[in-house]
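Report on one structure; see the data block that follows.
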Amino acid sequence: MLKNREDLQQLREVCKKAMAAEEKKILVCTGTGCVSSGSLDIYAELVRLMKEANIPCSVELQKDPHGDEIRVTKGGCPGFCEIGPLVRIEPQGWLYTKVQLSDCEEIIEKTIKNGELVERLAYKLDGKVYAKKDEMPFYQKQARVALENCGEIDSDSIEEYLGVGGYLAFEKALFDMRSDEIINEITESNLRGRGGGGFPTGRKWSQVARQASTPKYVVCNGDEGDPGAFMDRSIMEDDPHRMLEGMMIAGLACGASEGYIYVRAEYPVAVKKLKNAIAQAEALGLLGDNILGTDFSFHLHISRGAGAFVCGEGSALTASIEGKRGMPRVKPPRTVEHGLFDQPTVLNNVETFANVAKIILNGAAWYKSIGPENSPGTKAFAVTGNIKNTGLIEVPMGTTLREVIYDICGGMRDGGEFKAVQIGGPSGGCLTKDDLDLPLDFDSLSRAGAMIGSGGLVVMDSNTCMVEVARFFMNFTQNESCGKCVPCREGTKRMLEILERIVAGEGRDGDIELLLELADTISHTALCGLGKTAASPVVSTIKNFREEYEAHIYEKRCPAGACEKLKKIWIDPDLCKGCSKCARQCPVDAISGKVKEPFVIDSAKCIKCGACISACAFHAVKEG
């Protein structure tokens, strides 16, 4: 138990020296993606083989390390999910990719025993070998602040967090700063909420601080309901103490002694990691009563949500923590005045809290030096879809979409042509080729009719139907509507019905105008922010790809060839040799013609079974 500031400083120095003394280390990625590919088995096998070979090794940070000892540790996610499972070798900095259980013996024999690179496990691009992580193009334009420790330290070890400077910002805020100075630093930095809205964090904290009512609460939104988003999950799983430290500093600034972390139940690993981190901090006296001998007390609790998307909205989230049904309420009053248990509440998301410590340590001027003036700092994005390098990235605000897609993520998969990217999840919109040089920051995206949201980027190629994309997101939003307000409950249902008709080939004249009318009504009359943005994917796809809607409605054709009910099978007369094999294979006699002349398909009879496609040796039968 740490009794004062000096005790904390001494422990941090011990941990720092212990980490510096570790000459050799193997870090096995235990992020969710790599775990699903078997990284835990790889970790166990490496430890087993080293012990079998009598190679001195440890699995925990040693306060009194020996120079010849090698530590095998469970590192967090370094972000390059596409090439996992990942194993990093220190001090060389080599990053082995797509490691399999069968590779462990070679890693021990060549790398650990002889110091040789296993070149076949190194990352290769355009014939060049990139052995070291920092040399890979994927990382060249990134700037990791919130994700700084992810993949670098053992998330289960508070000692390692202390060893890399953990809780130094909290120490500074606790002993060297007044609450108003903390708030002024955050305000001056212009840190804006990373959960989607981009509201200035310092302004929110100051509003809570000046409330006379007590007690006050600090709440972290770890719900992260957007499809394809996993930025917050990575921080909670790989660097939980960074988030806790941000919440503790917020408690100091606003006069709160209780904090709640709202995590969706679908994140069991994150819940486990957070529970462990809280227990470790409590054991050292960094959480609890009279922290480090001061009069500041702070307690943290975990509340698990049931996976309702609407609980990402502030008032619905706090209602859920209270044990009520997660439904938004009319505002004002706002959460800063009447939030959790009807008391003043600071509510920020995981990534926002993860930025706080660095701002307190390095100052507002440092933070504002990254990115544009009105949207400073960095932003984490989860990049998925038809892209070569899927994964988790963090870039300076203002980085262009082109840099993310082509420079960092390697361009489109399988030589595909870029078509659009859905940004901001169900509340966001799509960006197109014309937006490739658009800076990714709050204001630029807002002007383009999109939003950063929590940071999900779903990249789509020319084979993607944008009407189906709109239908997918509207289906998600409609299913997740809490049902409290009529515009969202009924309006999204009507919009979904229209979209389903269109992709089924039953679109009608006037459907596009009706969709836009419904979207306008919902956005102006829905109760909460989620409802107000529910129609955004539909509006942005109509704006950018109206011709696709028109083709579906008037031509009964899907230009991308993706909508099953609009697919047509036809025969290219220039390729058809008139062999009649397709007609003989058709189970419904939909194909007719004369031998040695081009055959034709009767679309009214065709059941789209594909037998004719398989039968044709000349690739004359087409689908689309």
Side-chain angles (χ1 to χ4, degrees), residues 29 31-37 77-86 97-98 137-139 141-142 147 150-151 194 196 223-235 237-238 264 266-267 270 309 312 350-351 379-395 399-432 435-436 440 445 450-466 468-473 475-477 536-537 540-541 560 562:
C29 173
T32 300
C34 285
V35 167
S36 68
S37 300
C77 173
F80 207 163
C81 304
E82 182 70 27
I83 57 173
L86 300 167
T97 67
K98 298 185 178 180
F138 181 79
Y139 294 101
K141 290 193 174 183
Q142 292 196 48
L147 303 178
C150 295
R194 266 36 181 181
D223 189 61
E224 195 171 47
D226 288 2
F230 53 96
M231 299 75 56
D232 289 349
R233 183 183 71 186
S234 185
I235 294 171
E237 291 182 1
D238 302 333
R264 54 180 37 230
E266 293 98 321
Y267 285 178
F309 180 64
V350 174
E351 189 182 345
K379 181 70 189 80
F381 292 98
V383 188
T384 58
N386 305 115
I387 195 85
K388 284 183 180 177
N389 300 330
T390 58
L392 187 63
I393 68 172
E394 185 176 5
V395 295
T399 299
T400 66
L401 188 59
R402 187 186 301 277
E403 290 175 296
V404 169
I405 291 176
Y406 292 98
D407 297 345
I408 297 174
C409 294
M412 305 303 292
R413 179 174 290 165
D414 300 326
E417 181 184 355
F418 173 75
K419 184 174 185 177
V421 59
Q422 178 71 20
I423 184 170
S427 300
C430 72
L431 302 174
T432 68
D435 302 308
L436 280 171
L440 295 178
L445 286 171
M451 63 185 293
I452 284 182
S454 58
L457 283 176
V458 182
V459 183
M460 296 167 279
D461 64 14
S462 55
N463 295 318
T464 305
C465 173
M466 302 311 295
E468 169 56 26
V469 168
R471 188 211 63 80
F472 169 83
F473 282 107
N475 181 64
F476 176 87
T477 305
S536 296
S540 66
T541 51

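Remember, it's a predicted structure, so these values are computed and weren't measured experimentally. By convention here, the first residue in the shown sequence is residue 1.
Within the cation-pi definition used here (under 6.0 Å to the ring centroid, within 45° of the axis), K379 qualifies as a partner of F381.
Judged by distance alone, the side chain of Q422 and the main-chain N or O of G425 form a donor-acceptor pair under 3.5 Å. No side-chain donor-acceptor contact under 3.5 Å links E351 to the backbone of D232.
Taking every heavy atom of both residues into account, F230 and A382 meet most closely at CE2-CB, 3.4 Å. Closest non-hydrogen pair, G79 versus Y139, comes out as N-OH, 4.4 Å. The heavy-atom pair separating G84 from C34 by the smallest distance is CA-SG, 3.8 Å. Residues C81 and C77 share a closest heavy-atom pair of SG-SG, 4.2 Å. In terms of heavy atoms, M460 sits closest to N386 at CA-OD1, 3.6 Å. In terms of heavy atoms, G456 sits closest to M231 at N-CE, 4.2 Å.
A 4.5 Å side-chain heavy-atom check between V421 and L401 finds at least one atom pair inside the cut-off. T400 is not listed as a side-chain neighbour of L440, based on a closest heavy-atom distance of 4.5 Å or more. The shortest side-chain heavy-atom distance between C409 and K388 does not fall under the 4.5 Å cut-off. Residues F138 and I393 form a side-chain contact, since some pair of their non-hydrogen atoms from C-beta on lies under 4.5 Å apart. Side-chain contact between E224 and R233: present, with at least one pair of heavy atoms (C-beta onward) separated by less than 4.5 Å. By the 4.5 Å heavy-atom criterion applied to side chains, V469 and C430 are not counted as neighbours. T399 places a side-chain heavy atom less than 4.5 Å from the side chain of V404.
The SG atom of C150 sits 4.5 Å away from atom CG of D238, with the distance rounded to the nearest 0.5 Å. Separating the CZ atom in R264 from the CG atom in D223 is a distance of 4.5 Å, to the nearest 0.5 Å. Atom OG of S540 is separated from atom CD1 of I423 by 11.0 Å, given to the nearest 0.5 angstrom. Between C465 atom SG and F472 atom CZ the span is 13.5 Å, to the nearest 0.5 Å. One distance of note links OG of S37 with NZ of K98; it measures 10.5 Å at 0.5 Å rounding.
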For L147 and I235, run side-chain contact (heavy atoms from CB on, under 4.5 Å): C-alpha distance rounded to whole Å, both residues' side-chain angles, the deciding distance at 0.1 Å, then the answer.
CA-CA 7 Å; L147 303 178; I235 294 171; 3.6 Å; yes

Yes or no on side-chain contact (heavy atoms from CB on, under 4.5 Å) for L436 and Y406, after CA distance, side-chain angles and deciding distance?
CA-CA 10 Å; L436 280 171; Y406 292 98; 4.2 Å; yes

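In this structure, a donor-acceptor pair under 3.5 Å is present between the side chains of T390 and E82. For the residue pair Y267 and E237, no side-chain donor N or O sits within less than 3.5 Å of a side-chain acceptor on the partner.
A salt bridge links K141 with D407: at least one charged nitrogen is closer than 4.0 Å to a carboxylate oxygen.
Applying side chain to side chain contact (heavy atoms under 4.5 Å, CB included) to I387 and the options I408, V459, D461 leaves one that passes, V459.
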